[in-house]
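Data first, discussion second: the structure below is written as structure tokens.
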Amino acid sequence: MISVKLPDGSAMELAEGATVLDLAQEIGPGLAKAALAGVVNGREVDLAAPLDDGDEVRLLTWRDPEGVEVYRHSSAHLMAQAIKRLWPKAQLAIGPPIEDGFYYDIDLDTAISAEDLPRIEEEMRRIVEEDIAVRRLDLSREEAIALFRERGEGYKIELIQDMPEDEALSAYEQGEFVDLCRGPHLPSTGRVAAFKLIAVAGAYWRGDSSRKMLQRIYGTSFPDRKELKRHLQLLEEAKRRDHRRLGKELDLFSFHEEGPGFPFFHPKGQVIFNEMLEYMRERLREWNYVEIQTPLILNEALWHRSGHWDNYRENMYFTEIDEAPYAVKPMNCPGCLVWFREGLHSYRELPLRVAEFGKVHRHELSGVLHGLFRVRMFTQDDAHIFCTPDQLEDEIVGMIEMIQRVLGDFGFDDVRIELSTKPEKAIGAQEIWDRAEAALAAALGRLGIDFQLNPGDGAFYGPKIDFHIRDCLRRSWQCSTIQVDFSMPERFDLEYVGPDGQRHRPVMIHRAIYGSLERFIGILIEHTAGNLPTWLAPEQVRVLPITDTVRGWAETVRDHLAAAGVRVDVDLSDETIKKKIRAAELQKIPFMLIVGGKEAESGQVAVRRHGAGDQGAVPLDEFIAQIREEIRTRAREPQTV
RNA sequence: GCCCGCGUAGCUCAGUCGGUAGAGCACCUGCAUGGUAAGCAGGUGGUCAGCAGUUCAAAUCUGCUCGCGGGCUCCA
């Protein structure tokens, strides 16, 4: 008999030579069925792995992130096996699990198209039905190379040759299929219950654009059909909420051949943009910022000095004025610095918080453009803070509070925060880095904020804090960022006069909250499915007269609302009330005011709330008071009037 | 930029084997004055993304260009 330790601290007696699966069975048949793999003494292993006396064992199921990975990884193998059956000449590259699924990169001279996916799925189902046992092969380096050479898998040989000499190698075999793999894997192909192939795409071998382009097939898998179906519905929902589609349907913005990647904001989209600016300017006043505006085009010499020429040239647009070279700004900071250097600054001015809604142009590769999410011109709600090293921590605290306030006001409550520290290649003295990193961490600590540490992930010029918001579809977006910068103050020789009368170098912080207004609008549209809160809605109220005879009252209602600062329109078309309502609902207008004879006589409006239906009639004044309050407080959720 | 796919009316899409373009919605006009998600009828609207080629004939076949979509890389 042997004894193994379980995560809850208890021990379990097992027969000599028992496996992880035996242990699961011993605990209960339900667990044995749910178990996907195990962790023994901190190492992930197959269910078939034998246990030794004293081992610490944990079982992995779908509830463990590692379990999900094993499941998806085995799904990738399943797909690869099917592809090899259909196209024996296909060479396998890599096939890892990813968030929400898996992919496999293959090299094949015939192109696989989306129409081929059902065929591959069919073959996968066949392999699942065959329920082929999956076997682990522990190999020496030579054995592994010989095996994959024999099988003509050149990419696998390259992978092996790039691994450290002493690396233990293993492969997994299921029937005629063998793949180089660290594992662990599900015990048999029959364990993959529900899967779906999603897309085909191109991907470079090892992500290197100078290497060969491979064919990547994306899929996903789940332990049962219901969960798969739910996931596919989520994908459908995402498509329905796509901001590019809603932007067109709601007439917010557009893109044109005349300027790929350069968004055109329509009158309705511009309303959202302006509301966001106004909202942010209120916050700037609250947090004691000043606002400036610097030119879009500046002399190239500035960009040499800032380092953008050396580090960012590929993404910049250049032009010429009076035979001198100029560049279109890809960032706002150098312009801000030109201003800062104009005069002499006293320590009494610090911290100096300078905001700029700056339009920046960046040359992005044509293939990466994507609606408002990835454009070539966008507006940053940028700010640069000049302070002393001593003020750093307080400044960071203030910024974090400001960012949380803003994100919360827009309905993003699920915010993940990451702190990235000094990378290998960095400028500035170690002590100043230590001090800045400590200030960032201390600020987060003071606010009691949980954060993820990304060692070595900072910018070369300083450490940073990034904010990732999660939308209602559980997708994560990086918007807000706080970056400490040691580079710019040096390059531009920034100074302030201290209490000692000597000149000192200030610390500079870059920060953005929306990040890009354009992108934030895109995220907001998808997060709300186009149902913007009233304060942001381009058209807040539409008055719908039932007949021509009440046209006069409808126009009076319109005029009163407009006078109260509400964005309102009246539908005077020759249509039935049903159709006017339908049109207004499709435009996702928060309030419809239906007026007929009854309302005209009593000075009332019949309120219909978008998505919520008839709310009953109220006197016009009462409605105006309520909607003004909803707008003034920037209420996130629809308030029933 | 690279790989794969796509581009027909303002929008969503049909168009067979190559024979010269169609629907619904929207818009305009008329009728209907309608009480909470599409009233009826008629009408306008197209260089079939662009250029070139093959052909008696090209939306359809071929090539190139532009744009879009899905990815790769990078980031706001």
Side-chain angles (χ1 to χ4, degrees), chain A residues 103 105 107 110-116 198-218 239 242 244-245 248-249 251 254-261 312 314-315 330-332 358 360 362-382 459 466-467 477-481 483 510 512-523 544-551 573-587 592-599 606-617:
Chain A
Y103 67 79
D105 284 348
D107 186 4
T110 52
I112 294 179
S113 75
E115 286 86 69
D116 295 318
I198 306 286
V200 285
Y204 299 109
W205 169 233
R206 303 197 140 177
D208 180 346
S209 60
S210 66
R211 305 290 301 265
K212 187 165 183 185
M213 176 72 74
L214 305 173
Q215 300 189 59
R216 174 171 296 180
I217 301 171
Y218 285 92
K239 220 182 274 175
D242 191 312
R244 293 166 299 184
R245 177 191 173 133
K248 196 183 273 182
E249 286 174 3
D251 195 18
S254 58
F255 288 90
H256 302 272
E257 271 191 40
E258 288 81 353
Y312 210 72
E314 299 298 307
N315 287 292
M331 296 186 194
N332 303 303
V360 294
R362 298 182 182 177
H363 178 73
E364 302 288 352
L365 295 179
S366 61
V368 308
L369 301 177
H370 183 98
L372 291 178
F373 287 169
R374 193 60 182 272
V375 291
R376 284 178 170 157
M377 192 287 291
F378 59 98
T379 314
Q380 290 183 312
D381 61 322
D382 212 349
D466 292 320
F467 294 72
W477 307 96
Q478 198 223 298
C479 294
S480 317
T481 180
Q483 305 183 355
H510 308 247
I513 302 180
Y514 296 138
S516 145
L517 269 89
E518 287 78 357
R519 197 167 83 118
F520 199 85
I521 288 172
I523 294 167
L544 309 178
I546 292 172
T547 67
D548 297 348
T549 53
V550 290
R551 184 185 173 123
S573 66
D574 252 356
E575 296 293 347
T576 58
I577 192 65
K578 279 173 178 289
K579 195 156 182 185
K580 291 180 185 178
I581 288 170
R582 179 177 158 80
E585 286 283 357
L586 289 173
Q587 284 295 300
M592 287 148 274
L593 298 183
I594 290 125
V595 296
K598 278 183 279 179
E599 289 77 17
V607 179
R608 182 187 166 103
R609 180 117 214 178
H610 169 60
D614 194 355
Q615 309 288 305

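Remark: B:G22 base-pairs with B:C13. Criterion, Watson-Crick or G-U wobble with two distances under 3.5 Å. With a cut-off of 3.5 Å on both pairing distances, the Watson-Crick or G-U wobble partner of B:C31 is B:G39.
Spacing between atom NE2 of A:H363 and atom P of B:A76 amounts to 17 Å, rounded to whole angstrom units. Rounded to whole Å, atom C1' of B:A26 lies 13 Å from atom CD of A:E249.
The side chain of A:E257 sits closest to B:C66 out of B:A37, B:A76, B:C66. Side-chain atoms of A:Q483 lie closest to B:A76 of the nucleotides B:A37, B:A76, B:G35. Taking every side-chain heavy atom of A:T547 into account, B:U33 is the closest of B:U33, B:G39, B:A76. Residue A:R582 has its side chain nearest to B:A37 when only B:C75, B:G1, B:A37 are considered. Taking every side-chain heavy atom of A:K578 into account, B:G39 is the closest of B:G35, B:G39, B:U33.
Distances shown here put a side-chain N or O of A:H370 below 4.0 Å from the OP1 or OP2 atom of B:G70. When the side-chain nitrogen and oxygen atoms of A:T576 are compared with OP1 and OP2 of B:G39, one or more of them lie within a distance under 4.0 Å.
Between the side-chain ring of A:F378 and the base of B:A76, a stacking contact exists by the 5.5 Å and 30° definition.
Contact check for A:L369 versus A:E364: side-chain heavy atoms found under the 4.5 Å cut-off.
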task = For A:R216 and A:D105, run salt bridge (Lys or Arg N to Asp or Glu O under 4.0 Å): C-alpha distance rounded to whole Å, both residues' side-chain angles, the deciding distance at 0.1 Å, then the answer.
result = CA-CA 4 Å; A:R216 174 171 296 180; A:D105 284 348; 2.6 Å; yes

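Using atom C1' as the reference point in both B:C25 and B:C64, the two lie 36 Å apart (nearest Å). B:U65 and B:G22 are spaced 34 Å apart, taking the P atom of each and rounding to whole Å.
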